[in-house]
2 protein chains.
Amino acid sequence: MVRETQKEMRRQRTLDAAEALIRKTGTTEFSMQTLANKAKLSLATPYNLFGSKSAILYALLNRSLDEIAEGAEKAFAHPHPVQRVLRAAASSAAFFVSAPDFYRPLYRFLLGVGDTVHRPAYMERSLDYWKTALLGFVQQDLLPKEAGCEHLARQLVIQFVGALDLWVQEELDDIEFKAQISYGTGLLLLGVARIEDRELLLKHLGTLKRKLPRQSPFVRPPMTGNPPGPPSPGH
Amino acid sequence: MVRETQKEMRRQRTLDAAEALIRKTGTTEFSMQTLANKAKLSLATPYNLFGSKSAILYALLNRSLDEIAEGAEKAFAHPHPVQRVLRAAASSAAFFVSAPDFYRPLYRFLLGVGDTVHRPAYMERSLDYWKTALLGFVQQDLLPKEAGCEHLARQLVIQFVGALDLWVQEELDDIEFKAQISYGTGLLLLGVARIEDRELLLKHLGTLKRKLPRQSPFVRPPMTGNPPGPPSPGH
DNA sequence: GTAAAAGTTATAACCAATTATAAATAATTG
DNA sequence: CAATTATTTATAATTGGTTATAACTTTTAC
């Protein structure tokens, strides 16, 4: 039992070190040697404990995500089904935006990484989050049969992931990201809400318009021929 | 002028070689040396022409995406605004699914890669696609003021990117991906459509339910302790 | 307490992306 | 055509993720 405990401590030390390095440098580009040193371990140990750098960072994301559900408790407590979902959306968006220099690089690294252990855990967690957010609708039996809770929840996950993707790529800034999440969530609810809630939702959407990106949130490429461009930080 | 032409030919040769390698092997894990050989170039040349492996693959994606707009012409010709969007969605989803062994690895590699030239081009292209799809709504002035064409188009991009992400990670199979795109698009339209179109949309959504993932599309992690797991192909 | 088992450490090696450099080559200019 | 210029080529060096190996240490089982 002692052995397992110490192993767990080494694991935590590894994650702590990774978190500290990202927060300090704003990137995930530290070497495994640096990470091992910071965690006071040998180079090989993090590999033994996690398997790869990707797995370490995924585990770190999942650990950080524990806070997201806690932060949403107030939102989940709201009596109005629509407000409950809207606030859950705002809550989780605010969570990422609260530490952009940490979540941007972390998430960016993990997008596109396949991980058979941590990614499914992350996804399941996300689905549960939105199902909980939708609980008000379910309890009051408000959802049309065409949009089951499971399906709607997955759609909310998808729109969140999509918006997160743009945010991570700096195509949305913090304000725009929060607005986009609110907007997308509201729009999806608009489709399934009762008539009497549409008023509320439309007002909600109207409020957001000025925060959403203007013409185009996208940085135009410099139209000067065909530059190789500054080689982006490769993989 | 000759010089520029030959340079362009080398660029195309590079992209052709990359495409061939991905299609043959199903991954983007070929080395730059392999790529250079296949393109009959020296190792340094692709770097001179594009800047990095990421930039090459991004350029390849954008080149392939030229076909997507062509493929959607029939969809864009549909007289009914709602059908026009739904078919545009189905058309682009079908496009990716038409060559999963090519687009999955390509897209997976590019998720999380920042590129100041090709990514913005990709995004702009996507936005234009959806704005074109929404043209029927705009021309008939059907959109509520709370959901401008720009905003709705961006929301459609976001939901597409999100679903694509799940598909790339194999959390959705081909059928589920197409269904999910149709579903998400329909749900977004449901919020803004006229009363008389809701009927049509609800029927559309109802049809899809059986194709969408059941309980959970997510592979559960093997609950056997804390395995390092087979080290995933690292970055 | 002691031997087996598990796991860490130190170290070296391997592979691939990227960069740097000098020599070679081919287009352009006058 | 000759000189200039742009660009590729060949090659080596650098960096970082990952794997392999053997020596060493600590927990565990008897």
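So that the names make sense, note that chain A is the first sequence line, chain B the second, and so on, each numbered from 1.
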Engineer: What is the distance, to the nearest angstrom, from the CZ atom on F109(B) to the C1' atom on dA17(C)?
Structural biologist: 10 Å
Engineer: Within the side chain of K53(B), is there an N or O that forms a donor-acceptor pair under 3.5 Å with the backbone of T28(B)?
Structural biologist: yes
Engineer: Quickly work out the L43(A) CG to dT8(C) P distance and round it to whole Å.
Structural biologist: 13 Å
Engineer: Verify whether the ring centers belonging to F95(B) and Y103(B) lie closer than 6.0 Å.
Structural biologist: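 Ring centres of Y103(B) and F95(B) closer than 6.0 Å.
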Engineer: Considering every strand shown, what is the Watson-Crick or G-U wobble mate of dT18(D) when both distances are under 3.5 Å?
Structural biologist: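 dA13(C) is the nucleotide pairing with dT18(D).
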Engineer: In whole angstrom, give the distance that lies between atom OH of Y47(A) and atom P of dG16(D).
Structural biologist: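 Spelled out: OH on Y47(A) to P on dG16(D) is 12 Å.
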Engineer: Take A44(A) and M32(A), find for each the nucleotide of DNA chain D with the closest heavy atom, and name the residue whose nucleotide sits nearer the 5' end.
Structural biologist: M32(A)
Engineer: Is any side-chain nitrogen or oxygen of K53(B) closer than 4.0 Å to OP1 or OP2 of dT18(C)?
Structural biologist: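 No, no such contact exists.
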Engineer: Starting from P on dT11(C), measure out to CG on N37(A) and report it in whole angstrom.
Structural biologist: 12 Å
Engineer: Rounded to the Å, how far apart are F50(A) CZ and dG17(D) C1'?
Structural biologist: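 Computing the F50(A):CZ to dG17(D):C1' distance gives 16 Å.
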Engineer: Looking at T45(A), does any N or O in its side chain come under 4.0 Å of the phosphate oxygens OP1/OP2 on dG7(C)?
Structural biologist: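 False: T45(A) side-chain N/O out of range (4.0 Å or more) of dG7(C) OP1/OP2.
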Engineer: Is any side-chain nitrogen or oxygen of N48(B) closer than 4.0 Å to OP1 or OP2 of dT8(D)?
Structural biologist: yes
Engineer: May I ask you to check whether F76(A) and Y129(A) place their ring centers less than 6.0 Å from one another?
Structural biologist: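 Centroid separation for F76(A) and Y129(A): below 6.0 Å.
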Engineer: For the atom pair CG (L60(B)) and CD1 (I22(B)), what is the distance rounded to the nearest 0.5 Å?
Structural biologist: 5.5 Å
Engineer: Determine: side-chain N/O of Q33(B) to OP1/OP2 of dA16(C), distance under 4.0 Å, yes or no.
Structural biologist: no
Engineer: Rounded to whole angstroms, how far apart are NZ on K7(A) and P on dG7(C)?
Structural biologist: 4 Å
